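Reviewing the structure listed below.
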Number of protein chains: 2
Amino acid sequence: MPEPFSVLAEPARRRILDLLLKRPRLVGELTDALGISQPGTSKHLRVLREAGLVTVRRDGQRRWYELRAEPLTELDAWLTPYRWMWADRFDALERQLESE
Amino acid sequence: MPEPFSVLAEPARRRILDLLLKRPRLVGELTDALGISQPGTSKHLRVLREAGLVTVRRDGQRRWYELRAEPLTELDAWLTPYRWMWADRFDALERQLESE
DNA sequence: CCAGCATATGCCCTTGCAGTTATATAGCTG
DNA sequence: CAGCTATATAACTGCAAGGGCATATGCTGG
């Protein structure tokens, strides 16, 4: 099972998850929305499936892909210790930009 | 400025951030901790710097790298609409049960 | 000013991955 | 069954990225 981090590095895959947020989708719908080829979509879906981020429901010759958000908890957990930091720390960035 | 998502896809870079969580570090320290070559470390640090995730403070021939967590807000924001699916799972279940 | 240390950059090699087209598989319909 | 539709897999290609070594840069101590 690959890491959610690397799986989500692909914009297309984040896009898919965003689409599944509203409701399950067919491969064809996703293909249209992404603007890539159908095999391309199927490959992304495979990666998402192997990461446990989507599940498939067969419906005749169609496949309904639906979201399974649970692996995202790993991301959320990693993020936790950083979360307190982003209040008002623009000063550091300014220093950096000025030094270049 | 690259996306934090792809920057964090690299385990070594997440590792660096985790180390910087406690205190600023020198390149040498990070190199030892990561078990890769010094140039390798410097390259990861460059990526992190360009993504705004670290800042450098010069101190003679040394460089103190310190964490700048603000770009992680993008990750956090993306995660937000998914969070209810696991965190508020029981709340949702309760609401559903009550409405029946 | 020279030797040595800390860090950055250039170059090369290799691997992995996203994207494509072509084809396979399986269900549906007439 | 024939042919169409929906999806998956295979084979190939191009490119980016990570890793290493060698070298440049810049500071420091003697």
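All chains are named by letter (A, B, ...) in the order of the sequence lines, taking the proteins before the strands, and each is independently numbered beginning at 1. Owing to the predicted nature of the structure, the values given are computational and were not obtained by experimental measurement.
Atom CZ in Arg57(A) sits about 16 Å away from atom C1' in dT7(D), given to the nearest Å. In this structure, Arg46(A) atom CZ and dA18(C) atom C1' are separated by 15 Å, rounded to whole Å. In this structure, CD of Glu10(B) is placed 13 Å from C1' of dT15(C), rounded to the nearest angstrom. For the pair Leu8(B) CG and dG18(D) P, the computed distance is 12 Å after rounding to whole Å. Between the CZ atom of Arg14(A) and the C1' atom of dA18(C) there is a distance of 14 Å, given to the nearest Å. Rounding to whole angstrom units, CD of residue Glu50(B) and P of dG18(D) are separated by 12 Å. The distance from atom CG of Asp32(A) to atom P of dA6(D) is 10 Å, rounded to the nearest whole Å. Spacing between atom CH2 of Trp64(B) and atom P of dA6(C) amounts to 12 Å, rounded to whole angstrom units.
Contact between the side-chain N/O atoms of Tyr65(A) and the OP1/OP2 oxygens of dA8(D) is found at a separation under 4.0 Å. Between His44(B) and the phosphate of dA17(D), there is no side-chain N or O to OP1/OP2 separation shorter than 4.0 Å. Note on Arg13(B): a side-chain N or O is less than 4.0 Å away from OP1 or OP2 of dG18(D). Taking side-chain N and O atoms only, Arg62(A) has no distance below 4.0 Å to OP1 or OP2 of dT5(D).
At the heavy-atom level, Leu45(B) lies nowhere under 4.0 Å from the strands shown.
How far OG1 of Thr41(B) is from CZ of Arg15(B): 11.0 Å, rounded to the nearest 0.5 Å.
Judged by distance alone, with hydrogens and angles left aside, the side-chain atoms of Glu29(B) form a donor-acceptor pair with the main-chain N or O of Leu26(B) at under 3.5 Å. Judged purely by atom type and a 3.5 angstrom limit, Arg63(B) has no side-chain atom pairing as donor or acceptor with the backbone of Val56(B). Within the 3.5 Å criterion, the main-chain N or O of Thr55(B) finds no donor-acceptor partner in the side chain of Arg68(B). Using modelled atom types, one side-chain atom of Arg13(A) and one backbone atom of Val7(A) make a donor-acceptor pair closer than 3.5 Å.
Taking the ring centroids of Trp86(B) and Tyr82(B), they lie at or beyond the 6.0 Å cut-off.
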* Asked: What string of B, S and - do you get for nucleotides 20-30 of chain D 5' to 3' if you count protein non-hydrogen atoms under 4.0 Å?
  -> BBB---BBS--
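The closest side-chain heavy-atom distance from Trp64(B) to Val54(B) is not below 4.5 Å.
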